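Have a look at the structure below before the remarks.
One-based numbering along the sequence shown. Note that the coordinates shown come from a computational prediction; the quantities given were computed from them, not determined experimentally.
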Amino acid sequence: MARLYATTGTSFARLDETPDGWTVELALPDSTAQCLALDPHVADTVYVGLGVGGVRKTTDGGSTWADLGLAEKQVFSVAVSAVDRAVYAGTEPSALFRSDDGGGTWRELAGLLDLPSRPTWSFPPRPWTSHVRWVAPSPHEADTILAGIELGGLMRSTDGGETWHDHRPGAQRDVHSLAWHPRALGRVYEAGGGGAAWSEDAGDTWTPADDGRDRHYTWSVAVDPDDPDLWYVSASRAPFSAHGRGDPEANIYRRSNGTWEVLSAGLPDPLPAMPYALVSTRERLFAGLANGELWESGDRGDSWQRCNLLGSLPRLNALVAA
């Protein structure tokens, strides 16, 4: 039976599969929990970033929590390195912090703010500021880190975050999510506000991947852990409708052998709520929607069914598989 961890924008949720459906246990109520990261070496250790209040950590699957500080920060992204277990937290205003002791202490990776493009970073709903929407340490090389600024660019470090290379050619500047392939060296994927892209040189250069999709406002990206040429994005027609101001007319797309196709068998077509989170495991593909629904596919997206949640969720902002 599977276990998923999620954030809803107001709380943390642990979803445990049973023969009757998925139990829902909530924690961190009214906490503005919006992003999370699983320690890849310890399945019950999860870091959660709060919109107000910094970072929280559980080592027992959500039963108890520790306050890791950064309390004055609005945390938009968290990540844990699969190589050296360094923990990263990205914030608004844009800044990136690193901890090498499981969140006990933090230091700012100030070199990110030295990039020449920094004066141009601007998040359209709040144009006076920006944030680190996604941080993605390489699962193969501890010193390689990608950071996505909403809206500003996709930045790359090859020295553990001390210094940074400015926006990488071919990538989307409006970065929403990033995913490394766990086995194929150098393969990494992006979903952004103007489309999707992929890299085969560890994020140094990127190739746009948009032909064949009729929706280009992409949000979540996931890759099949066995096949680096099989990956997925969620997409809507426009940002405002994607985030609740109208019908998102959303779809989930699968890219295989360089070709996109809409995945609709069993799913509403189009989806009435944006798929904010896609998770691909070796056995299943999950989609968490903005209206709190959870969908799954056991055949790499060929067919879908709605998961029976034994409890309600207001939305699903982020999702990881334990």
Side-chain angles (χ1 to χ4, degrees), residues 7 9 32-37 47-55 69-79 87-98 106-137 145-157 161-179 188-197 199 203 206 208 216-221 235-236 238-245 274 276-277 290 317-318:
T7 55
T32 65
Q34 60 179 355
C35 56
L36 78 168
Y47 297 83
V48 173
L50 308 182
V52 178
V55 179
L70 299 180
E72 73 282 7
K73 304 299 181 183
Q74 300 179 58
V75 180
F76 274 72
S77 54
V78 287
V87 184
Y88 298 90
T91 67
E92 178 179 307
S94 287
L96 184 60
F97 298 84
R98 172 175 174 150
W106 298 89
R107 62 185 178 92
E108 184 177 354
L109 300 176
L112 181 66
L113 303 185
D114 293 334
L115 290 171
S117 67
R118 183 192 174 191
T120 69
W121 301 355
S122 175
F123 179 51
R126 298 185 293 278
W128 58 88
T129 190
S130 65
H131 47 254
V132 180
R133 166 61 70 180
W134 206 272
V135 56
I145 309 163
L146 303 177
I149 308 297
E150 191 179 32
L151 190 158
L154 200 164
M155 317 310 180
R156 183 175 186 258
S157 174
E162 299 303 320
T163 61
W164 293 82
H165 302 278
D166 216 327
H167 178 67
R168 306 318 304 143
Q172 286 289 320
R173 286 187 177 274
D174 185 11
V175 184
H176 291 156
S177 59
L178 300 166
V188 60
Y189 313 81
E190 178 194 15
S199 171
W206 293 76
H216 298 291
Y217 184 81
T218 63
W219 189 261
S220 185
V221 62
S236 178
F240 290 109
S241 57
H243 301 302
R245 300 183 186 179
M274 190 67 182
Y276 276 153
N317 277 13

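- Scored by the side-chain contact (heavy atoms from CB on, under 4.5 Å) test, Ser94 finds Trp121, Ser130, Val132, Ile149 as partners (sequence neighbours excluded).
- Considering only residues two or more places apart in sequence or on other chains, Arg168 meets the salt bridge (Lys or Arg N to Asp or Glu O under 4.0 Å) condition with Asp204.
- To the nearest 0.5 Å, the span separating CH2 on Trp206 from CZ on Arg156 amounts to 9.5 Å.
- Distance check, rounded to the nearest 0.5 Å: CG of Leu96 to CZ of Phe76 gives 14.5 Å.
- Thr32 meets the side-chain contact (heavy atoms from CB on, under 4.5 Å) test with Leu50, Val52; sequence neighbours excluded.
- For Ser157, the side chain to side chain donor-acceptor pair (under 3.5 Å) partners are Asp159, not counting sequence neighbours.
- The side-chain contact (heavy atoms from CB on, under 4.5 Å) search around Ala136 returns Trp134, Leu146, Leu178, Trp180, not counting sequence neighbours.
- Applying the salt bridge (Lys or Arg N to Asp or Glu O under 4.0 Å) rule to Glu108 yields no partners; only residues at least two apart in sequence or on another chain are considered.
- Taking the charged nitrogens against the carboxylate oxygens, Glu162 and Arg98 have no contact shorter than 4.0 Å, which rules out a salt bridge.
- Between the CE atom of Met155 and the NE2 atom of His167 there is a distance of 7.5 Å, given to the nearest 0.5 Å.
- Not counting sequence neighbours, Arg118 has no partner by the salt bridge (Lys or Arg N to Asp or Glu O under 4.0 Å) test.
- Trp164 meets the side chain to side chain donor-acceptor pair (under 3.5 Å) test with no other residue; sequence neighbours excluded.
- Residues in residues 122-134 take part in these salt bridge (charged side-chain N to carboxylate O under 4.0 Å, His left out) pairs, two or more places apart or across chains: Glu92-Arg126, Arg133-Glu150.
- Nearest heavy-atom pair across Ala171 and Leu154 is CB-CD1, 3.8 Å.
- The minimum heavy-atom distance between Ala33 and Thr7, with the atom names listed, is O-CB, 3.5 Å.
- The ring-ring contact (aromatic ring centres under 6.0 Å, His included) check on Trp219 picks up His176, His243, Tyr276, with sequence neighbours excluded.
- In terms of modelled atom types and a separation under 3.5 Å, the side chain of Thr91 and the main chain of Val75 share no donor-acceptor contact.
- Legend: residues meeting side-chain contact (heavy atoms from CB on, under 4.5 Å) with Ser241, ordered by chain and number and at least two apart, are Ser236, Ala238.
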